[in-house]
Amino acid sequence: MSLLKRITTDPEVCHGAACIAGTRIPVSVILDNLAAGSSREEILKNYPSLSLADIDATLAYAALLAKEEHLAL
């Protein structure tokens, strides 16, 4: 998936958490915003360095993770 090229991990950036490439915005922050009900437009307003494609990449990344692990909730 070309979208996943927008996600990077670097031990020197955000303690190695998955982030949007070229930023220090962790994927988890975007997911937390979406889970809290923030619209894509609100997220883009609050994080102007992001694009719609970055949000799409975040969702694609989360979907892949969900296929790999089962959480006991």
Task: Shortest non-hydrogen contact from Pro26 toward Cys14 - done: CG-SG, 4.3 Å
TODO: Scan Ile30, Leu64, Leu31 and name whichever one has a side chain to side chain contact (heavy atoms under 4.5 Å, CB included) with Leu59.
DONE: Leu31
- [ ] Determine which pairs satisfy salt bridge (charged side-chain N to carboxylate O under 4.0 Å, His left out) with at least one residue from residues 11-26, sequence neighbours left out, and list them in order.
- [x] none
TODO: Mind checking side chain to side chain donor-acceptor pair (under 3.5 Å) for Thr23 and listing every partner two or more places apart, or none if nothing turns up?
DONE: none
Task: Any residue meeting side-chain contact (heavy atoms from CB on, under 4.5 Å) with Ser51, in chain and number order, not counting sequence neighbours - done: Arg6, Ala53, Asp54
Open item on the list: With clusters defined by side-chain heavy atoms of hydrophobic residues (ILVMFWY) lying less than 4.5 Å apart, directly or transitively, does Val13 cluster with Leu4?
Closed with: no
Open item on the list: In the structure I gave you, are the side-chain heavy atoms of Ile43 and Ser38 within less than 4.5 Å of one another anywhere?
Closed with: yes
Task: Ala18: side-chain contact (heavy atoms from CB on, under 4.5 Å) partners, not counting sequence neighbours - done: Ile7, Thr9, Val27, Tyr61
Open item on the list: List the residues meeting side chain to side chain donor-acceptor pair (under 3.5 Å) with Arg40, not counting sequence neighbours, and say none if there are none.
Closed with: Asp56
